[in-house]
Every structure is written in structure tokens, then in C-alpha cells.
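To start, I am sharing the structure in question, which I have written as C-alpha cells.
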There are 2 protein chains.
Amino acid sequence: MSASGVRARVRAEMTEEIKAVARRHLATDGANLSLRAVARDLGMASSAVYRYFASRDELLTALIIDAYNSLGAAAEAAAGQTATSPPDDPADGRTGLERFLAATHAARDWALADPHQWALIYGSPVPGYEAPQDTIGPATRVVLLIAAVVRDAYGRGEIEEREPITGRYAEELAAVGERFTPGAPPRLVGTALSAYIHLSGAISAELFGQLKASVEEDRRGYFEFQMRGAAHLIGLK
Amino acid sequence: MSASGVRARVRAEMTEEIKAVARRHLATDGANLSLRAVARDLGMASSAVYRYFASRDELLTALIIDAYNSLGAAAEAAAGQTATSPPDDPADGRTGLERFLAATHAARDWALADPHQWALIYGSPVPGYEAPQDTIGPATRVVLLIAAVVRDAYGRGEIEEREPITGRYAEELAAVGERFTPGAPPRLVGTALSAYIHLSGAISAELFGQLKASVEEDRRGYFEFQMRGAAHLIGLK
DNA sequence: GCCATAACGAGAGCACTGCTCTTGCTTTTT
DNA sequence: AAAAAGCAAGAGCAGTGCTCTCGTTATGGC
């Protein structure tokens with residue numbers, strides 16, 4: 001049992017090592033990751049890697065999950081809370097707007113530090129790739145964090161009064177909010193989601209070269225402008 | 001010369017045919033397009049394709065340019081104008097907000113009709129792929145269209161007065177606006193660009209599965225909500 | 001402690017890819 | 001009519017994901 005523990009541990013280490021090398025390859029060669037090249041770097045036969053990951057897709061899925069978690073952790077650290085933190089748990093005195101901006105800038109910094117990992121999770125999914133169930137949990141960390149920050153700000157009265165929204169989409173937002181962020185009115189769920197959408201679009205546009213030949217100088221200002229716009233729609237003051 | 005014209009014409013036809021088959025493959029197999037498979041479908045040797053496209057990247061670039069133009073044309077048709085139309089040229093009596101919503105919904109419809117073409121231009125760029133100069137013209141059609149719609153609406157007094165923006169990013173927006181959309185104040189250039197960013201993020205999120213397990217019912221309503229938010233930031237009324 | 005069993009690593013092999021080069025043929029140009 | 005250029009086909013190279021087989025090593029039950 002302890003011996004078997006040794007086996008399991010060395011296997012876990014090997015798995016981590018493969019992922020680490022794969023991440024390194026990803027950072028240089030981009031998305032078309034070569035399993036054989038990874039194996040070569042590790043000094044092992046390519047067939048041996050299949051003992052740890054059944055396919056290249058499975059390796060990519062593992063990297064995707066790790067990337068989502070890494071991004072989520074970075075945003076949460078900057079916000080000083082998680083999606084499930086009780087309101088005002090850290091009580092660091094920051095407003096919702098400050099936390100929102102800190103979290104979104106942290107997401108951008110994370111993406112700039114490793115563009116290929118961002119591309120891995122927010123770029124075009126590989127053709128036949130159907131996101132496994134394991135990914136959707138980590139994938140929602142950032143959006144749930146934003147929603148929580150907004151919900152807590154709402155609880156502290158930091159959000160301007162606006163007319164509630166109506167219609168079919170509002171109904172759906174109500175159901176979504178009920179499930180993930182109870183206590184937040186549909187308008188806030190909708191604008192928080194909008195902020196997340198805007199966030200991903202803003203970072204992707206910057207990273208994927210969509211801003212070339214237009215915004216070249218002040219890209220941090222560009223991003224700040226996007227996020228302050230999103231915050232304005234939420235009503236954060 | 002007429003004979004040479006024949007040669008040139010059959011070459012152009014062949015080029016189009018290759019692109020058409022490649023597009024068909026793209027729609028089924030996704031981004032990892034196989035040049036050999038395209039050649040097989042055309043009943044020719046793979047080496048023959050290289051007479052028309054020097055590499056797989058070059059074929060992809062051609063498809064990218066076509067996709068940008070196709071998307072741009074769809075949005076322009078819905079808006080009833082182009083980026084360079086004189087204000088009120090069509091004079092169809094529609095407001096700027098109506099044109100903005102029509103154009104953006106047309107972009108979404110275009111993307112939904114052929115998700116892989118959208119992924120080709122707004123998904124993660126292939127690793128070493130540096131967008132050639134030829135692509136940036138077609139790539140800017142949609143954003144320039146939005147800017148033009150906003151500028152014309154501004155000229156007709158359809159935009160709420162807001163405080164002008166300041167700072168380094170505002171300076172850069174002023175320069176960008178000067179070059180591409182003269183007559184529009186920096187705040188409008190900035191919010192028009194924001195709308196474009198939000199647009200691309202909203203469509204990508206929908207297409208790339210980011211909305212799974214949250215917004216499932218009313219995705220058109222979801223998109224409309226995003227675009228009305230963007231229009232609100234612009235000040236379209 | 002012994003031994004069947006399971007996990008593991010290596011290598012060969014298959015079908016596929018992008019791309020190059022050579023060879024023969026056709027069309028255009030001089 | 002001769003020369004030049006364009007074109008298509010096939011072989012070939014290096015690389016890929018993945019499978020299968022075959023020795024080796026570690027693990028757990030007796």
C-alpha cells in the first residue's frame with residue numbers, strides 16, 4: 001500500500017512533468033502541439049506518453065483545465081475573494097468597482113504573460129473537440145467571480161438604481177442567477193455576464209492582433225476603457 | 001493575348017474552385033485543413049495545388065480575406081451603407097440605432113451560418129501566422145462600418161451629449177478617428193470600437209461554447225442585450 | 001518469499017500530413 | 001518552327017497521431 005503509494009506518486013509526478021513540457025512547447029510552437037516532440041524532450045518514446053494521456057486531445061484538455069484554474073486563481077487573488085466568499089469576508093475596504101477592475105486587469109495580465117494559454121481556452125476550439133464536463137467547472141470561475149463581486153456591491157448599495165429588465169432573456173437570466181448567484185436581480189446577472197463577455201472579447205482582440213494599426217500606444221488604457229464601460233452598464237459607482 | 005486571357009481565366013477559375021472545396025472542408029473538418037484532402041476532392045495531385053497557392057498558409061490567408069469581405073458585405077447590406085457612403089445616401093429613414101442593430105445582428109447571423117469561417121478570422125491565429133498586409137483592409141470593414149453609422153448618427157443629432165473623454169487613450173483615439181472616421185469625437189470613436197470588441201466577444205462566446213450551461217434558451221435575446229448595452233454606451237437613442 | 005498480474009517503456013509500423021523535386025506534356029510567346 | 005513558360009503527376013522526405021507487440025519492472029495476494 002505504501003509501495004503502491006510510491007507508484008502512484010511517481011505517476012503523478014510524471015503526469016505533471018509531461019504537462020509542464022507540453023506547456024513549454026505550447027508557449028513557443030503554439031496550438032499545434034506535437035506529442036512526439038514532447039516525448040523527445042522528456043527522453044522517452046512517444047508511445048510511453050500514451051500511458052499517461054490516452055490521446056493528444058486528452059493532454060490538451062488537461063492543459064485547458066489547468067489554464068482555467070490558473071486564470072481563475074489570478075483573478076480571485078486580485079479581487080481578494082472567490083465566487084463563494086461570504087460578502088465582506090476579506091473586508092479590505094475596497095469597493096466593488098475597485099475589485100472588478102483589479103480582477104479584470106489581473107485576467108489581462110495573465111493573458112499577456114502567456115498568450116498561448118489564453119488562446120487555448122478562449123480561442124477557437126479544435127474541430128471535433130467537445131468540451132468535457134470537467135472543464136466547465138474551472139471555466140466558470142472568472143464569470144462567477146465577477147458576478148459575486150457585483151452581487152456583494154449590490155448588497156452594500158454600491159450600484160445605481162436602474163429599471164429592471166424584462167422579456168424572455170430576462171427570464172433566463174433570472175433562472176441562471178437563481179442557480180449561480182442567488183440574491184442578484186436579473187439586470188445585474190445580465191450586465192455582469194456582459195462584462196465577462198466584453199472582457200474576453202477585449203483581451204482576445206488585443207492578443208489576436210485585431211487592434212493592429214489602430215490602438216498601438218496605450219493598450220492598458222484601451223482595456224481600462226472597455227472595463228469602465230462594462231462597469232458603467234452594471235451601474236457600479 | 002486573348003489566348004493568354006483564356007489561360008488567366010482558367011487559372012482564376014481553378015483558384016476559386018480550390019478555395020470553394022477548401023471552404024467545404026473547413027465547414028466539416030474545422031481549422032486543420034488538409035491540402036492533400038482538398039486535392040483529392042478535386043481529383044488532382046497534391047503537388048498541383050502548389051501551382052495556385054505556395055503553401056497551406058497562403059490558402060488559409062486567401063480564405064481569411066474572403067471571409068472578412070463576406071462578413072463585411074453582409075453587415076454593410078444590413079446597415080444599408082458602407083463605411084464610405086456619404087451620410088444619408090440611402091436615406092431610408094432608419095435611425096443610427098436601427099442600422100447598428102441590423103448590422104450587428106447580420107454579423108451574428110453570418111457567423112451562425114458558418115461558424116468555422118468565423119473561427120478562422122476571430123479565433124486564435126495559427127502559431128507562426130503573421131497576418132499579411134492584405135488582410136488588414138478587409139478586416140476593418142465591420143469596425144469602420146460601425147464607426148460610420150455612429151458618426152452619421154452623431155451628425156443627425158441622434159446621440160446623447162456626454163462628457164468628452166480625456167487622457168492618453170483619448171489622445172490615441174483622436175488620432176485614430178482623424179485617420180479613419182474624421183468628424184467623430186474621440187468618445188464616439190472609443191465607444192464604437194468598444195461596440196465592435198463587444199460584438200466579436202459576444203459572437204465568439206456563443207460559438208465557442210462559452211455560454212454552455214448558462215444561456216441556452218434565448219441566445220438571440222442574449223446578443224440583443226449585448227448590443228443594446230454597447231449602443232447605450234455610445235449614446236445612441 | 002514466491003509468483004501471477006498489472007503497469008510500464010521502447011520500438012516497429014500504419015496511415016496521414018506539408019512540401020520539394022524531377023519528369024513529361026501542353027500552351028504561350030518569340 | 002523553336003524557345004520558353006506554365007502545368008500536372010508521381011516519387012520521396014521528414015514529420016505527425018496512434019496502435020500493437022514485446023521485454024522489463026514493480027505490485028499485491030498467497
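A note on names: the letters A, B, ... follow the listed sequences, proteins ahead of strands, and every chain is numbered from 1. These figures come from a predicted structure and were not determined experimentally. Reckoned from all heavy atoms, side chains included, excluding hydrogens, waters and symmetry mates.
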Q) CG of B:L35 versus P of D:dT16: gap in Å, rounded? A) 19 Å

Q. Hey, does A:L59 reach any base, or is it just sugar-phosphate, or nothing, if we go heavy atoms under 4.0 Å?
A. nothing

Q) What's the CD1-P distance between B:I18 and C:dG18, to the nearest Å? A) 13 Å

Q) Through what angle, rounded to 10 degrees, does the axis of the helix from C:dG1-D:dC30 to C:dT30-D:dA1 turn between its ends, using five pairs per end? A) 10°

Q. Do B:R23 and B:Q117 have side-chain atoms, one donor and one acceptor, less than 3.5 Å apart?
A. no

Q) Does a donor on one side chain sit under 3.5 Å from an acceptor on the other, for A:W118 and A:S204? A) yes

Q) Of the nucleotides C:dT20, D:dC7, C:dT17, which has the atom closest to the B:R11 side chain? A) D:dC7

Q: Find the distance A:R56:CZ to D:dT19:P and express it as a whole number of Å.
A: 14 Å

Q) What does A:Y52 touch in the nucleic acid at a heavy-atom separation under 4.0 angstrom: a base, only the sugar-phosphate, or nothing? A) sugar-phosphate

Q | From B:I18 atom CD1 to B:M44 atom CE, the distance as rounded to the nearest 0.5 Å | A | 5.5 Å

Q) Taking it one step at a time, do A:R219 and A:R108 satisfy side chain to side chain contact (heavy atoms under 4.5 Å, CB included)? A) CA-CA 11 Å; A:R219 294 202 157 167; A:R108 173 172 175 266; 3.8 Å; yes

Q) Are any of the side-chain heavy atoms of B:Y122 and A:Q210 separated by less than 4.5 Å? A) yes

Q. With a 3.5 Å cut-off and no angle check, do the side chains of B:S194 and A:Q226 form a donor-acceptor pair?
A. yes

Q: Select base, sugar-phosphate, or nothing to describe what A:L33 touches, counting heavy atoms under 4.0 Å on all strands.
A: sugar-phosphate

Q: Using whole Å, report how far CZ of B:R40 lies from C1' of D:dA9.
A: 15 Å

Q. For the pair made of CG in A:D41 and P in D:dT16, what is the distance, rounded to whole Å?
A. 11 Å

Q) Of B:M14 and A:S34, whose closest DNA chain D nucleotide lies nearer the 5' terminus? A) B:M14

Q) How close do A:S214 and B:V176 get, heavy atom to heavy atom, and via which atoms? A) O-CG2, 3.5 Å

Please produce a list of atom pairs where a protein N or O lies less than 3.5 Å from an N or O of nucleotides 11-15 of chain C.
unit_1: C:dG11; atom_1: N7; unit_2: A:S47; atom_2: OG; d: 3.3
unit_1: C:dG11; atom_1: O6; unit_2: A:S47; atom_2: OG; d: 2.8
unit_1: C:dG13; atom_1: O6; unit_2: A:R36; atom_2: NH2; d: 3.4

(Q) Does B:R51 contact D:dG6 through a side-chain donor or acceptor facing the base, at a distance under 3.5 Å? (A) no

Q. Mind checking what makes ring-ring contact (aromatic ring centres under 6.0 Å, His included) contact with B:Y169, not counting sequence neighbours?
A. A:F225

(Q) From OH of A:Y50 over to C1' of D:dT21, roughly how many Å is that when rounded to an integer? (A) 17 Å

Q: Can you tell me the distance, in whole Å, between the CG atom of B:N32 and the C1' atom of C:dT17?
A: 11 Å

Q) B:L42 has an atom CG; how far is it from atom C1' of D:dA9, in whole Å? A) 15 Å

Q. Taking all non-hydrogen atoms of both residues, which atom of B:Y222 and which atom of B:A202 are closest, and how far apart?
A. OH-O, 2.9 Å

